[in-house]
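One is the number of the first residue; the rest follow in order along the sequence. Only a predicted model underlies this, so the values are computations on that prediction, with no experimental measurement involved.
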Amino acid sequence: MRRTLSILGSTGSIGTQSLAVLSAHHPDIDLEYLTTNSNVELLAAQVQQHQVRGVVIGDEQAVPRFRALSNFKGEILVGREGLLEAASTKANDLVISALVGFTGVEPTVAAVRQGKTVALANKESLVSAGELITQAASQHGAQLIAVDSEHSAILQCLVGEDPKSIESLTITASGGPFREATADEIENASVEQALRHPNWTMGSKITIDSATLMNKGLEVIEARWLFDIAPSRIDVVVHPQSIIHSMVTFVDGSVKAQLGLPTMVLPIHYALNYPERTPTTFARLDLRTIKTLSFFAPDTEKFPCLPLAFQALERGGTATAILNAANEVAVGRFLSRSIRFGDIARVVSASLNAMPVLDHPSLAQIIDADAETRRFAEAYVPQTIATHTQA
């Protein structure tokens with residue numbers, strides 16, 4: 001049976017890999033919309049290679065450039081409204097939400113409210129609006145399928161299992177580029193060092209999140225909502241080889257783990273086929289070449305972003321949206337070399353302490369909390385610079 005798919009964020013890392021997986025293994029899926037913010041050069045190449053009904057360009061000023069690069073005859077939608085239309089169109093059977101950051105929240109909500117199956121690679125959606133999105137999914141009959149490798153691993157481990165039999169979830173972390181670094185080395189790490197991930201090739205924002213371990217904190221929050229499990233039953237363990245992607249411990253003491261090479265093509269393929277498995281040409285894991293699998297507790301003193309995420313999750317309400325917004329601002333400032341690596345956690349901590357938290361927020365309240373936090377975090381950044389300059 002043929003299905004129709006829209007990819008929100010088709011020019012990003014997950015989006016480009018999704019198109020590759022579709023080309024190789026899913027001739028039964030038709031493309032409805034591809035979207036980008038401003039990377040119209042790549043979007044033009046994508047619509048030349050793939051048959052697609054329409055595109056969305058977030059930056060209106062980039063539209064003339066797209067037209068000059070492409071003779072695309074399909075529909076061209078623009079801006080936030082265009083993105084929401086692409087996410088919620090009735091033609092979609094499946095939506096891959098692969099946008100970066102908070103921009104993914106509203107389109108994910110729009111798709112869920114139309115009862116669509118959402119392959120979720122935008123973890124910030126559940127971080128910022130997990131309660132609202134999961135309630136909307138239940139209300140409208142939508143399905144959320146994890147694409148993150150860690151959550152895909154948990155999903156695979158739970159197939160055929162009674163949810164009541166789950167004792168705990170363990171999410172693995174590579175430890176990033178600073179796993180063995182000293183506190184001083186981490187404090188003053190350069191952008192280039194932070195972007196040098198040992199195992200994964202990803203976009204710059206998620207790579208920095210991996211270096212601070214905030215990415216694991218965000219994944220804990222996402223897991224809480226995807227699998228309806230208490231935060232106290234979710235653990236993080238550092239696993240430098242990135243071969244075991246997550247584990248599930250059951251009430252009888254048995255542990256299931258999902259293993260695979262550190263690549264996103266398998267989680268994407270699994271989400272597109274869920275709950276079935278079909279043959280692929282992907283590279284296979286050979287444990288004889290890996291030889292060693294090691295595990296460590298994360299150092300929460302050297303990586304304070306991880307406990308900050310747990311604190312926000314325990315508080316609930318808009319606290320996780322505040323965490324996410326402050327982190328996005330801080331990571332952006334670090335990438336622009338406006339603050340030091342160690343300042344990222346300080347900006348997040350200050351924002352969590354300063355911003356009011358609302359319980360059971362509406363979408364409008366979540367959007368407001370995000371905007372207000374960004375204003376605070378942007379204003380707070382110069383203070384961190386001044387403090388450390390004087391020191």
* Are M264 and L266 connected in a single hydrophobic cluster, I mean Ile/Leu/Val/Met/Phe/Trp/Tyr linked by side-chain heavy atoms less than 4.5 Å apart? -> yes
* **H25/F282 under ring-ring contact (aromatic ring centres under 6.0 Å, His included): CA gap, chis, key distance, verdict** => CA-CA 10 Å; H25 296 293; F282 304 150; 5.1 Å; yes
* Please answer: with hydrophobic residues joined when any side-chain heavy atoms are less than 4.5 Å apart, are L363 and L8 in the same cluster? => no
* H245 versus A153, closest heavy-atom pair with distance -> CB-CB, 3.7 Å
* Using the six-membered ring wherever Trp is involved, compare the ring planes of Y270 and Y274 and label them parallel, tilted or perpendicular (cut-offs 30° and 60°). => perpendicular
* **Donor-acceptor contact present, side-chain K205 to main-chain G101, <3.5 Å** => no
* **Sidechain-backbone polar pair: R65 side chain, N39 backbone, donor-acceptor under 3.5 Å** => no
* E276 side-chain N/O to N273 backbone N/O, donor-acceptor pair under 3.5 Å -> no
* To do: For residues V112 and I133, report the shortest heavy-atom separation together with the two atoms involved.
  => CG1-O, 3.9 Å
* CG of L313 to CG of L323: how many Å apart, nearest 0.5 Å? -> 9.5 Å
* salt_bridge(K116, D93) N-O dist < 4.0 Å -> no
* Asked: Would you say the side-chain atoms of T278 and H269 include a donor-acceptor pair closer than 3.5 Å?
  -> yes
* Could you tell me whether K90 and E32 make a salt bridge, using a distance below 4.0 angstrom between a side-chain N and a carboxylate O? => no
* T4 and L94: CA distance, side-chain angles, deciding distance, side chain to side chain contact (heavy atoms under 4.5 Å, CB included) verdict -> CA-CA 6 Å; T4 301; L94 178 66; over 6 Å; no
* Walk me through it: do L259 and L287 pass the test side chain to side chain contact (heavy atoms under 4.5 Å, CB included)? => CA-CA 10 Å; L259 284 69; L287 287 175; 4.2 Å; yes
* Structure fact -> CG of L144 to CZ of F227, rounded to nearest 0.5 Å, is 10.0 Å
* Are D286 and K291 close enough for a salt bridge, meaning some N to O gap below 4.0 Å? -> no
* Counting only heavy atoms not in Q51, do more than 12 fall under 6.0 Å of its CD? -> no
* Asked: Side chain of N353, backbone of S349: donor and acceptor closer than 3.5 Å?
  -> yes
* **Electrostatic pair E167-R233, nearest N-O below 4.0 angstrom** => no
* Asked: Going by atom types alone, do E131 and H360 pair a side-chain donor with an acceptor below 3.5 Å?
  -> yes
* Asked: Closest approach of S10 and L34, non-hydrogen atoms and distance?
  -> OG-CB, 3.4 Å
* Could you state whether L42 and V52 fall into the same hydrophobic cluster, counting links through intermediate Ile, Leu, Val, Met, Phe, Trp or Tyr residues with side-chain heavy atoms under 4.5 angstrom apart? => no
* Asked: Would you say E60 has more than 12 foreign heavy atoms packed within less than 6.0 Å of its CD?
  -> no
* F178/F341 under ring-ring contact (aromatic ring centres under 6.0 Å, His included): CA gap, chis, key distance, verdict -> CA-CA 11 Å; F178 305 133; F341 185 82; 5.1 Å; yes
* Side-chain (S336) to main-chain (R333) donor-acceptor, under 3.5 angstrom -> yes
* Structure fact -> Between the CD1 atom in I186 and the CZ atom in R340, the distance rounded to the nearest 0.5 Å is 13.0 Å
* Is H151 reaching over with its side chain to a backbone N or O of E222, donor-acceptor style, under 3.5 angstrom? -> no
* Start with the C-alpha gap between K302 and D184, add the side-chain angles, then the distance that decides, and say whether salt bridge (Lys or Arg N to Asp or Glu O under 4.0 Å) holds. => CA-CA 9 Å; K302 288 199 301 185; D184 286 343; over 6 Å; no
* **Whether N92 side chain and A86 backbone form a donor-acceptor pair below 3.5 Å** => yes
* Specify the closest pair of heavy atoms between S128 and F102, including all atoms of both residues, with the distance to one decimal. => OG-CD1, 3.5 Å
* To do: Consider only side-chain heavy atoms of I, L, V, M, F, W and Y, link residues closer than 4.5 Å, and tell whether L306 and I208 are in one cluster.
  => yes
* Side-chain ion pair, D30 and R3, N-O less than 4.0 Å -> no
* Please lay out, stage by stage, how T170 and V248 fare under the test side chain to side chain contact (heavy atoms under 4.5 Å, CB included). => CA-CA 6 Å; T170 301; V248 178; over 6 Å; no
* Asked: Just checking, any donor-acceptor pair under 3.5 angstrom between side chains of Q241 and S294?
  -> yes
* **Gap separating the NZ atom of K216 from the CD1 atom of I171, nearest 0.5 angstrom** => 7.0 Å
* To do: Please name the pair of heavy atoms, one in S174 and one in S242, separated by the smallest distance, quoted to 0.1 Å.
  => CB-OG, 3.4 Å
* So, does D370 use its side chain to make a donor-acceptor pair with the main chain of A325 at under 3.5 Å? -> no
* To do: Inspect the surroundings of CD in Q48 and state if more than 12 heavy atoms from other residues, nucleotides or ligands are less than 6.0 Å away.
  => no
* Step through the shown structure and confirm whether more than 12 heavy atoms of other residues, nucleotides or ligands are within 6.0 Å of CZ on R67. => no
* Asked: So, R224 and E219, do they make that salt bridge, N to O below 4.0 Å?
  -> no
* Asked: Which heavy-atom pair separates P298 from V237 by the least distance, and what is that distance?
  -> CD-CA, 4.4 Å
* Can any side-chain N or O of T89 pair as donor or acceptor with the backbone N or O of E85 at less than 3.5 Å? -> no
* Without swapping roles, check the side chain of Q258 against the backbone of S152 for a donor-acceptor pair under 3.5 Å. => no
* If you measure from the Lys or Arg side-chain nitrogens to the Asp or Glu carboxylate oxygens, is any gap between D162 and K164 under 4.0 Å? -> no
